[in-house]
Amino acid sequence: MKTDQAEEQTAQVELHSLRLSDDIVVPDSILSEAEKNRAAAFRSCAARRLFVAGRVLCRSIIANLLGCTPQALCLAITPSGRPYLRDYPDIDFNLSHTGDRIALAICRGGHIGIDIERLDAFSEKEACEIMPMILSQQELQQVHQLNERHRHDVFLACWVQKEAALKCFGQGFLADPQNVMLAPGSTTFRSMNQTSGETIFIHSGQIIDGESGDFQWAIATSRAAAEPQWRHHKSGIFF
Ligand SMILES: CC(C)(COP(=O)(O)OP(=O)(O)OC[C@H]1O[C@@H](n2cnc3c(N)ncnc32)[C@H](O)[C@@H]1OP(=O)(O)O)[C@@H](O)C(=O)NCCC(=O)NCCS
């Protein structure tokens with residue numbers, strides 16, 4: 001019997017989240033010169049803080065995993081902006097931020113993309129405007145059959161699933177989100193990039209946190225992975 005290689009080899013996934021409270025100073029001392037320069041180029045203070053905190057989070061956690069110092073890691077960037085570990089091709093990671101929340105996904109044995117959005121990321125009206133640009137005809141029909149409240153939730157889930165998939169493939173929205181076929185309403189499934197034929201495995205869900213807001217999240221991996229568990233960190237551990 002023919003077996004599917006993608007299913008034979010599974011990926012190991014870790015998910016980390018950090019809530020960046022307002023009172024925390026975020027030092028950039030462990031960043032590379034290139035990262036410091038990029039941080040300095042941000043016009044918005046909030047965006048700069050999130051960028052620096054994301055890099056500190058990712059350097060600290062991956063260095064701990066590898067048993068090296070955070071400064072020793074070389075984080076390179078592809079031409080489409082995707083960061084990766086230059087010296088560790090077997091380990092992939094991806095970052096997402098929204099509001100004061102940063103999410104980091106680490107994957108051994110495959111590629112990964114992550115997206116996180118607040119549940120109130122867009123209004124009903126905005127959702128109706130964006131949906132035809134993101135969803136395929138078939139997905140759009142399925143979503144339109146739902147009642148208004150459910151439609152918004154399912155579309156938000158589709159949005160983060162597509163963005164996670166496009167980030168896993170590496171092009172982000174330079175690629176057409178309509179080419180990633182979803183199963184609206186499902187939280188774990190296998191899909192395919194209609195253009196490249198690449199397989200993608202999706203897990204998604206919500207983080208309900210009354211204090212800092214509620215979030216929809218999704219990860220997409222190039223190999224099947226077990227249901228991932230989140231580790232939520234406090235800012236004080238890193239800064
Ligand atoms: C990737 C993309 C979907 C992220 O959108 P966003 O609204 O900033 O969303 P998120 O907060 O979820 O993700 C940001 C993170 O995604 C990662 N990222 C950036 N480009 C990426 C790409 N092409 N593929 C995968 N991940 C990417 C980065 O780690 C970034 O965080 P950082 O800037 O702090 O390092 C969006 O930027 C995009 O479509 N980019 C297309 C490529 C592009 O325009 N490149 C131009 C610069 S070279």
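Order of listing sets the numbers, starting from 1, for every ligand and every atom in it. Fair warning: this is a prediction, and the values are worked out from it, not measured in the lab.
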Taking Leu50 as the starting point, is it possible to reach Phe215 by hopping between hydrophobic residues whose side chains are less than 4.5 Å apart?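 No; tracing contacts between hydrophobic side chains, which count when under 4.5 Å, never links both residues.
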What residue pairs, at least two apart or across chains, pass ring-ring contact (aromatic ring centres under 6.0 Å, His included) with a residue in residues 69-117?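 Matches after skipping sequence neighbours: none remain.
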What ring-ring contact (aromatic ring centres under 6.0 Å, His included) pairs are there with at least one residue in residues 18-47, not counting sequence neighbours?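 Passing the test, one end in residues 18-47: Phe42-Phe51.
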Applying side chain to side chain donor-acceptor pair (under 3.5 Å), run through Ser136 and Gln138 and close with a yes or a no. CA-CA 5 Å; Ser136 68; Gln138 193 186 341; 5.3 Å; no
For ligand 1, the residues whose heavy atoms come within less than 4.0 Å (ordered by chain, then number):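 Residues Arg38, Phe51, Arg55, Pro79, Ser80, Gly81, Arg82, Pro83, Asn94, Leu95, Ser96, His97, Asp115, Glu163, Lys167, Gly170, Gln171, Gly172, Phe173, Leu174 each place a heavy atom under 4.0 Å from ligand 1, listed by chain and number.
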Qualifying residues under side chain to side chain donor-acceptor pair (under 3.5 Å), relative to Asp100, sequence neighbours excluded: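 Partners of Asp100 by the side chain to side chain donor-acceptor pair (under 3.5 Å) criterion, ordered by chain and then number, come out as Arg19.
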Kindly assign one of parallel, tilted or perpendicular to the pair Phe122 and Phe155, based on the angle between their ring planes and the thresholds 30° and 60°.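 Geometry flag for Phe155 against Phe122: tilted rings.
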